[in-house]
Amino acid sequence: MKRGPELIVTEKDNAARRIADILSDGSAESDRVNGVNVYKWGGKRCIGLSGHVVGVDFPPEYGDWRDVEPVELVSADVEKRPTQENIVAALRRLARDASRIHIATDYDREGELIGKEAYELVREVNEAAPVDRVRFSSITDREVQEAFADPDDLDFDLAAAGEARQIIDLMWGASLTRFLSLSARQLGDDFISVGRVQGPTLKLIVDREREIDAFDSEDYWELFAALTKDSETFEAQYFYLDADDNEAERVWEEARADAVDRTLSAASTATVDEVRRRTRTDDPPAPFNTTQFIRAASGIDYSAQRAMSIAEDLYTAGYVTYPRTDNTVYPEDLEPRALLDALSDGPRFGDDAADLLDADEITPTAGDEETTDHPPIHPTDELPSPSDLSEDEWVVYELVVRRFLATVADAATWEHLRVVAAVDGDDEDLRLKANGKRLVDPGYHAVYPYRSTTENYVPDVAEGEELAVTEARLEAKQTQPPRRYGQSRLIETMEDMGIGTKATRHDVIQKLYDRGYIEGDPPRPTRLARGVVEASEEFADRIVSEEMTARLEEDMQAIARGEADLDEVTDESREILERVFDRLEDSREALGDHLRESLKADKTVGPCPECGADLVIRRSRGGSYFVGCDGYPDCEYTLPLPSTGKPILLDDVCGEHGLHDVKMLAGRKTFVHGCPLCAAEAADEEPDLIVGPCPECGADHDGELAVKRLRSGGRLVGCTRYPDCEYSLPMPRRGEVERVEETCEEHGLPGLRITYEDADREPWDLGCPICNYREYQARQAGTELEAIDGIGEKTAEKLKAAGVEDVAGLKAAEPDALADEIDGVGEDTVRNWQADAD
DNA sequence: GCAAGGTC
């Protein structure tokens, strides 16, 4: 046997560093091999991978979409190829002279597969060294030491289960994606994708939209009365018992609602006939897993994607534990008291943490899901100093800290008081109810302010007591269609359906946005999405059904138990997919037409006022959007669109022009532009407001600056001699601009004031427009990239590497070109950043 | 270039 060093392989660098630290008792030293961290001590080396470092794909000859019939992918070989060359090379180099190899990847199915991939890479260069597998549920001293003292073997069956998933996902996803894209002739960046996870997720959204479309709203009425005891007034609601003897508040017949209203309006007293007091315990929440973290973050207005991105940054910096976890049970070795003690030094929450230390006994809550790979998300005992985090990072970090505090805090206690009072009616008594609640012991709410603690006051009354009826109110209402899924609700539903994983669900939603399947927030499906779901339902129902995952899960478990083998499972899946293609091939044309119609519907604004053909949303070569006639070049009619954001069409149609309203999506700066023709006409009619002499041509040519409304809906201060003089300054789109008395000495211009229709909104005195713009530019120049929502330290680094140094540079960049240069960033993201920078 | 799953 060789006498070289032992090699430990982990799933990620972070785990490698911590394991090396534990096994070496802190003596490990960090080194770089091929740009990859390697930790060395004694006769040992430890390297962290980056998840999968090899990927599955078809052989290169299947690469050209147009040359290969999609159905050929069903029977094509699937190969493994390194995807992280530098890590693979480093692993090979270290493995060559290793005397023994320990696979220490995560303790789950995917970890077993990643371990097997490492094993195969090792075997390519070292046939002799023994390879074992160490398994531990959390990276703690005790567990790691025990695992290395008693190593096990790789579980090749479990890894094969993961491989079956890889192969099946690739063959279904790639073949159907190519088929749909080819049939609709969408081959560029705008290909049409389907897959085992994105399919059912999209169908969920489309199905909800179908319910909304099919919904017929119904009128109903609700009745309220103000009841007064002494001088204390509270509101009670009319109710009755329905046919099933259940309490009902909605009255479905107008005549009856009016009759009840008349009786209540005429009544002067109501008699209390029921008083019920109840004390309710409100238990503190369970520890955070990924899904619940995303849900809580969405409650404070962070999108799923953004919340996860911040959590990952906090994890990398060492302030919170691994954010991708299903686990809602803290590991045994977590010491709440020690952690509270550490947190009590922190800003914002230190006092709350310290208060919790006063308790005699600290028992954390536990959720239903207990897994072994990672603990629930909680803060570490390493605290950031105020300047270490951006404001957004602080907000999210505080959420994680406070969730931990909540899980070790006491339950809250509410006192509920239900009062029912009766008013004499013509044939029967009318009953009114009020539900009071009071937070008598705030418990965990004292440290976790993210849940509502709104109280409803109902005075202390006794049965038989007479209350004054001081007001009656009839409210006409309509039943509402079901609500669209929000992002966090979607993720929870995906989790319930068993599709996707903690690490991918939020990415899947992002993918649906990127593919043009959903828009806005809460996401609504495009026509294309409906077209894809309809086509899938007809020909490949599996790919939009959660059953596919359920079935795959069963097959994987069979493989893992050694009761089925990989080929059996993948061959069976192949046969099913072959049959799907038998039917698809016959309908290629019709399906392609349908998808193309859907694509066009997403872009069709309405009839062209000049030739009657369709007006569609198009993009100029510079990347900006405009409305142009589909009859181009015969008809050259166009309308401009605002320069910020990405346009989508709303359902509302302009009564005058028959054009759909346009909404511009730009993150927090999203706004409704409305009918583009109305906007253009309004701009033509709005008179320019002359401000004063143009600084460029005023002296020589008498040019004047004026506030002008643009046909795109925007506004600027520009020279009246445009286009001969192109001097201009930006102006906000909204509000009414007026001149004020005082004049700027430097520029000879009056100050400008913007007033708003909303009377609550303070007017904005921006002063001399030139001075104002200068100040604005100065502020921008001093603004760091990180100040923009969605840009963290890492993204800022990537931006700088791409040549974007500051906010001004970001604003000047072409979104598509910049997106190409930065991994994991799409064009829309860049547009959102730019909109935020304005 | 296609999926979904790791990780960054």
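Atom set for the values below is all heavy atoms of this structure, side chains included, hydrogens, waters and symmetry mates excluded.
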Checklist entry - On a plain distance test, is the side chain of A/Asp57 in donor-acceptor contact with the base of B/dC2 below 3.5 Å? => result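 Per atom types, the contact qualifies.
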Taking only side-chain nitrogens and oxygens of [X], does any of them come within less than 4.0 Å of OP1 or OP2 of [N]?
| X | N | value |
| --- | --- | --- |
| A/Arg109 | B/dG5 | no |
| A/Gln198 | B/dA4 | yes |
| A/Gln166 | B/dA3 | no |
| A/Ser181 | B/dC2 | no |

Next on the checklist: Nearest to the A/Glu11 side chain among B/dG6, B/dG5, B/dC2, which nucleotide is it?
Outcome noted: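 Of the options given, the side chain of A/Glu11 lies nearest B/dG6.
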Item to check | Out of B/dG6, B/dC2, B/dT7, whichever nucleotide has its closest atom nearest the side chain of A/Arg324 | outcome: B/dT7
Checklist entry - Parallel under 30°, tilted from 30 to 60°, perpendicular over 60°: which one fits the rings of A/Trp394 and A/Tyr397? => result perpendicular
Checklist entry - Expressed in angstrom and rounded to an integer, what is the separation of A/His374 atom NE2 from B/dT7 atom C1'? => result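 Distance check: A/His374 NE2 to B/dT7 C1' gives 10 Å.
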Item to check | Nucleotide B/dC2, atom P - distance to CZ of A/Arg515 in whole Å | outcome: 6 Å
Item to check | Close residues, residues 526-560 of chain A, relative to DNA chain B [heavy-atom separation under 4.0 Å] | outcome: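 Contacts with DNA chain B under 4.0 Å: none.
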Checklist entry - Excluding sequence neighbours, so at least two apart, what forms side-chain contact (heavy atoms from CB on, under 4.5 Å) with A/Ala20? => result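 Applying side-chain contact (heavy atoms from CB on, under 4.5 Å) to A/Ala20 gives A/Ala28, A/Tyr39, A/Trp41, A/Cys46.
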Checklist entry - By ring pair (Phe, Tyr, Trp, His ring centres under 6.0 Å), which residues pair with A/Phe539, not counting sequence neighbours? => result none
